[in-house]
Structure formats: structure tokens, C-alpha cells
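Some notes on the structure that comes next.
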Amino acid sequence: MNKEKYMQLALKQGYIAAKLDEVPVGVVIVDPTSGKVIAKAHNKTMHKGNPTAHAEILAIQKACQKLKINRLREMDMYVTLEPCTMCAAAISFARIHNLFIGALDPKGGAVINGVRFYESATCHHKPNIEHGICAEECSALLKSFFKNKRT
């Protein structure tokens, strides 16, 4: 399994989001057995007028619809930015097996930073977590997006 390859696919989704003036977060969900990308998504909160339209949520919905299941037990998720609390919970409820994170989010993240959702006694499922995959490029995309917003 080439983690960088899949994170690059997630980054492509992030670049699409940036072009649409959405916060540039991208996700792919992969079946590690076949190597097939099951779903991909990017943030669409502005275009959908919906604060829950985060890339992770949209990708989980697409994968479940495509596979006609409500749990993604053996699936891997690649996300360019550390998930927030809402997305960490959705990942848990979906039973994602492995979570691969690009850039960490000290302010809004809830996996490594913040509330550390998966360490909570009330968390029903904790995915295997690995972070730092293509972290520099993931971080650079976000920094560039917000720098352009401020100028």
C-alpha cells in the first residue's frame, strides 16, 4: 500500500476545494484489500450552505451508498487535515479501520490535538491512526489558502 499515493489523491480533492473557495480539505476512502478508491470528497460547506458538509462526512456518505452498507469496517481513510470533533465521531461511527492524516490541526483537530476524541471513554470505536503523510504539502495548501483570504 502506497500511503503517499492515496494522500496525493486526497490532496487533489483539497485543491478542487480551494478553487471553489472552500477550505481545502480532501479525503479518499480506500479498500486496502483491492487498493480501490471507494469514495473521494472535499469540503462543500459554502456551496451546500451546510456546516456539516465536511469532506470526511461526504466521503463516508458516498462510500456507504456505493457499498450499500452502514459501516466501513475494513476501509482506510486518507484526510489532508486532522479531523474535527464532528468528523472524528463520524469516522468512529462508520468504523473506519485505518485513519491516515496529512497535516495536524492544533486549533480545530480532535484526534491528536484538542479533545482527542478517540481517547474518550464514550468512544465506541478507535481507528488505527497514522499522521504526517505528505504533511508539508497538506499544510502548505491550507496556509496558502488562508494567506490569500487575509490579503
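Everything numeric here is computed off the predicted structure, so don't read it as measured data.
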I96 CD1 to C87 SG distance, which is reported to the nearest 0.5 Å: 11.5 Å
Might you point out which heavy atoms bring A63 and A39 nearest each other, and give the distance in Å? N-CB, 3.7 Å
Look only at the side chain of N148 and the backbone of S144, and say whether a donor-acceptor pair between them is shorter than 3.5 Å. yes
By salt bridge (charged side-chain N to carboxylate O under 4.0 Å, His left out), which residues pair with D21, not counting sequence neighbours? K149
How far does CE of M7 sit from SG of C138, to the nearest 0.5 angstrom? 5.0 Å
L20 versus H47: any side-chain heavy-atom pair under 4.5 Å? yes
After noting the C-alpha distance and the side-chain angles of F117 and I91, does the key distance pass the side-chain contact (heavy atoms from CB on, under 4.5 Å) rule? CA-CA 11 Å; F117 181 82; I91 291 163; over 6 Å; no
Hey, what do you get for NZ (K66) to SG (C64), rounding to the nearest 0.5 Å? 12.5 Å
Can you find a heavy atom in the side chain of E56 that is under 4.5 Å from one in the side chain of L58? no
What is the minimum heavy-atom distance between G14 and P24, and which atoms define it? O-CB, 3.2 Å
Is there a side-chain contact between H131 and I112, using heavy atoms and a 4.5 Å cut-off? yes
The reported gap from CG in N70 to CD1 in I60 (rounded to nearest 0.5 angstrom) is 12.0 Å
Decide whether M86 and V115 are clustered together by the hydrophobic rule: side chain heavy atoms of Ile, Leu, Val, Met, Phe, Trp, Tyr closer than 4.5 Å, transitively. no
Within a strict 4.5 Å, meaning less than it, do heavy atoms of the K12 and H42 side chains meet? no
Look at the side-chain heavy atoms of Ile, Leu, Val, Met, Phe, Trp and Tyr, link any pair under 4.5 Å apart, and say whether I29 and L99 land in one connected group. yes
Determine whether E137 and T80 satisfy the following criterion, side-chain contact (heavy atoms from CB on, under 4.5 Å), listing intermediate values before the conclusion. CA-CA 9 Å; E137 188 175 354; T80 58; over 6 Å; no
Step by step, work out the salt bridge (Lys or Arg N to Asp or Glu O under 4.0 Å) result for K44 and E22. CA-CA 6 Å; K44 291 185 180 178; E22 294 276 2; over 6 Å; no
In terms of ring plane angle, is the pair Y78 and F100 parallel, tilted or perpendicular, where the classes change at 30° and 60°? parallel
Closest heavy-atom pair and its distance - A59, A41: N-CB, 3.7 Å
Dump the intermediate steps for side chain to side chain donor-acceptor pair (under 3.5 Å) on E130 and N98, then the final yes or no. CA-CA 8 Å; E130 187 175 329; N98 295 305; over 6 Å; no
I want to check something: taking the side chain as every heavy atom from C-beta on, are L67 and L72 in contact at a cut-off of under 4.5 Å? yes
Could you check N43 against T45 for side chain to side chain donor-acceptor pair (under 3.5 Å), going step by step and ending with a plain yes or no? CA-CA 6 Å; N43 278 357; T45 60; 5.7 Å; no
Under a 4.5 Å side-chain heavy-atom rule over Ile, Leu, Val, Met, Phe, Trp and Tyr, are L142 and V111 clustered together? yes
Do V27 and I129 belong together in a cluster built from hydrophobic side chains that touch within less than 4.5 Å? yes
Is the shortest side-chain heavy-atom distance between L141 and L11 below 4.5 Å? yes
Could you see if V37 belongs to whatever hydrophobic cluster contains I57? Use Ile, Leu, Val, Met, Phe, Trp, Tyr and a side-chain cutoff under 4.5 Å. no
Are R95 and E74 within salt-bridge range, i.e. N to O under 4.0 Å? no
Could you check whether any side-chain heavy atom of V25 comes within less than 4.5 Å of a side-chain heavy atom of V79, counting everything from C-beta outward? yes
What distance do K19 atom NZ and Y15 atom OH have between them, rounded to the nearest 0.5 Å? 10.0 Å
Using a 3.5 Å distance criterion without hydrogens, assess whether the side chain of K3 forms a donor-acceptor pair with backbone atoms of I133. no
Output, in order, the C-alpha distance, side-chain angles, deciding distance and verdict of side-chain contact (heavy atoms from CB on, under 4.5 Å) for I101 and L81. CA-CA 6 Å; I101 301 168; L81 182 65; over 6 Å; no
Value for CD (E82) from NZ (K107), rounded to nearest 0.5 Å, stands at 14.0 Å
Nearest non-hydrogen partners of T122 and S120, listed with the distance: OG1-OG, 2.8 Å
Taking all non-hydrogen atoms of both residues into account, name the closest pair between A103 and S139 and its distance. CB-N, 3.8 Å
Would you sort out whether M75 and D31 count as a side-chain contact (heavy atoms from CB on, under 4.5 Å), showing the intermediate values? CA-CA 5 Å; M75 300 298 140; D31 178 343; 3.8 Å; yes
K126 side chain near S92 side chain, heavy-atom distance below 4.5 Å: no
Hey, is CZ on F93 packed in by over 12 heavy atoms from elsewhere, all under 6.0 Å? no
